[in-house]
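Written out below as structure tokens is the structure these notes cover.
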Amino acid sequence: MTAIVRALILLVFLAGGTAVRAQNLLTNGNFESGLTGWSTWTAPPGFWNGTWIHSNDCDIWVPTQCPFGGAGTSHAQKKGSGAGNAHGGLFQTVAVTPGRVYRLRGAWSGGVTGNAGGNATWWEVVAYDGAVGAATIDAAPGPLDTLIARRDVSNLALNGVFQFEWEPFGATFTAASSQVTIALKTGSFFTFDAAGYHDDLVLEEVASSNIPANSPWALVVLCLGLLATGAWLRRGQGMRPR
């Protein structure tokens with residue numbers, strides 16, 4: 001084995017070892033530090049005359065395992081009886097690279113008790129393009145935004161209960177600008193108690209390959225590969241009988 005070939009193999013291993021590992025871009029995505037890194041939002045007053053109570057404990061409605069996995073903490077938000085109609089949640093804005101693909105994943109749970117006819121409750125996770133606030137989050141996703149996950153129920157009977165236990169969610173999106181706002185949304189009207197839970201949220205870039213095409217390592221490996229191939233061919237020609 002020639003020195004060039006040995007160097008080529010070594011650099012291939014080095015290049016593979018320097019590949020960027022997936023990193024969670026969200027701060028406190030598992031809520032082990034309370035609501036650090038997250039901001040609360042509430043729909044403007046008017047039809048929405050109630051607010052969500054945010055916590056990280058399990059003293060909250062919905063008969064589901066809490067916290068997620070039975071250990072640590074989870075985010076929980078509750079609309080108590082008599083709280084009226086409420087639409088709100090949490091959000092966090094992070095830096096991304098335009099044109100890159102990202103994956104948002106996590107786990108959630110929720111439930112609600114019906115009251116008056118025409119009631120409705122929904123749970124959403126949305127990736128909004130750019131740095132946005134409550135007014136934008138309160139509205140439906142726009143053409144540059146991505147609905148990551150949604151659950152909903154409507155017209156529950158009086159005291160009728162709907163719930164979904166902890167389940168995973170996830171989807172990918174392409175960043176349109178240098179920032180993205182991850183929003184957790186729960187809305188409920190004409191209902192009694194309602195709640196939503198979130199945990200283990202991860203926002204990560206989706207790697208297209210182990211060695212980026214424009215990486216200096218890729219160029220080095222390519223050049224050395226060509227040199228090694230040329231040396232091997234010359235050596236083979238030199239060994240042919242004359």
Side-chain angles (χ1 to χ4, degrees), residues 21-43 50-83 85-94 102-114 120-128 134 137 146-153 156 159-173 180-189 191-205:
R21 295 183 178 181
Q23 175 187 3
N24 189 1
L25 301 178
L26 290 174
T27 298
N28 188 32
N30 58 9
F31 301 99
E32 294 303 306
S33 299
L35 297 183
T36 299
W38 296 91
S39 299
T40 61
W41 71 275
T42 301
T51 59
W52 292 93
I53 302 170
H54 296 274
S55 69
N56 291 103
D57 56 38
C58 298
D59 183 19
I60 193 168
W61 185 88
V62 179
T64 185
Q65 182 187 47
C66 183
F68 176 58
T73 61
S74 303
H75 166 245
Q77 63 183 76
K78 173 184 177 181
K79 181 185 79 70
S81 296
N85 309 319
H87 190 203
L90 301 180
F91 71 96
Q92 183 175 152
T93 301
V94 299
Y102 294 85
R103 178 188 295 110
L104 177 63
R105 54 185 173 86
W108 66 351
S109 172
V112 60
T113 302
T121 302
W122 60 95
W123 300 261
E124 292 182 342
V125 178
V126 182
Y128 286 92
I137 297 173
T146 302
L147 177 63
I148 302 296
R150 177 182 170 91
R151 293 292 301 264
D152 61 83
V153 63
L156 278 174
N159 294 319
V161 175
F162 169 84
Q163 69 178 83
F164 62 100
E165 300 290 347
W166 285 107
E167 62 184 31
F169 65 82
T172 60
F173 64 92
V180 65
T181 298
I182 303 303
L184 313 180
K185 308 173 60 174
T186 304
S188 188
F189 60 84
T191 59
F192 286 129
D193 293 341
Y197 301 84
H198 306 87
D199 205 359
D200 289 352
L201 271 66
V202 176
L203 175 63
E204 58 192 355
E205 183 180 343

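Please read all numbers here as calculations on a predicted model, not as lab measurements. Along the sequence shown, the residues carry numbers beginning at 1.
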**OP:** May I ask you to check whether F169 and W108 place their ring centers less than 6.0 Å from one another?
**Re:** yes
Subject >> Side-chain touch L35/L90, heavy atoms, less than 4.5 angstrom >> reply: yes
Subject >> Closest non-hydrogen atom pair, W122 against D152 >> reply: CB-CB, 3.8 Å
Original post:
Thinking salt bridges, do R151 and E124 make one under a 4.0 Å N-O criterion?
Top reply: no
Original post:
Roughly how far apart are K79 NZ and I53 CD1, rounded to 0.5 Å?
Top reply: 10.5 Å
**OP:** Begin with the C-alpha distance, continue with both residues' side-chain angles, and end with the deciding distance and a verdict on side chain to side chain contact (heavy atoms under 4.5 Å, CB included) for L104 and I182.
**Re:** CA-CA 9 Å; L104 177 63; I182 303 303; 3.7 Å; yes
Subject >> Side-chain (T191) to main-chain (S188) donor-acceptor, under 3.5 angstrom >> reply: no
**OP:** Over all heavy atoms of both residues, which pair between D199 and S74 is shortest? Give the atoms and the distance, please.
**Re:** OD2-OG, 3.0 Å
**OP:** Give a yes-or-no answer on whether the side chains of K78 and S55 include a donor-acceptor pair shorter than 3.5 Å.
**Re:** no
Original post:
What is the minimum heavy-atom distance between G89 and Q77, and which atoms define it?
Top reply: CA-OE1, 3.5 Å
Subject >> Side chains of W52 and T42 in contact at under 4.5 Å (non-hydrogen atoms) >> reply: no
Subject >> Any I137 side-chain heavy atom under 4.5 Å of K185 side chain >> reply: yes
Original post:
Between L201 and N24, which heavy-atom pair has the shortest distance, and what is it?
Top reply: O-ND2, 3.2 Å
Original post:
Does N28 reach the main-chain N or O of G37 with its side chain, forming a donor-acceptor pair under 3.5 Å?
Top reply: no
**OP:** List for me each residue that meets salt bridge (charged side-chain N to carboxylate O under 4.0 Å, His left out) alongside R103, sequence neighbours excluded, and say none if there are none.
**Re:** E204
Original post:
With distance as the sole criterion, is a donor-acceptor pair present between the side chains of T93 and T181 under 3.5 Å?
Top reply: yes
Original post:
Looking only at side chains, do T73 and N56 share a donor and an acceptor under 3.5 Å apart?
Top reply: no
**OP:** Check whether any side-chain N or O of W123 sits under 3.5 Å from a backbone N or O of A195 as a donor-acceptor pair, and report yes or no.
**Re:** yes
**OP:** Return the set of residues passing ring-ring contact (aromatic ring centres under 6.0 Å, His included) with F68 (not counting sequence neighbours), or none when no residue passes.
**Re:** W166
**OP:** State, yes or no, whether a side-chain contact exists between Y197 and L184 at a heavy-atom distance under 4.5 Å.
**Re:** no
Original post:
Are side-chain heavy atoms of V161 and V112 found at a separation under 4.5 Å?
Top reply: no
**OP:** Report yes or no: does Q92 contribute a side-chain atom to a donor-acceptor pair with the main-chain N or O of T27 at less than 3.5 Å?
**Re:** yes
Subject >> Any residue meeting ring-ring contact (aromatic ring centres under 6.0 Å, His included) with H75, in chain and number order, not counting sequence neighbours >> reply: F31, H54, H198
Original post:
So, does T113 use its side chain to make a donor-acceptor pair with the main chain of F192 at under 3.5 Å?
Top reply: no
Subject >> Side chain to side chain, Y102 and L203, heavy atoms closer than 4.5 Å >> reply: yes
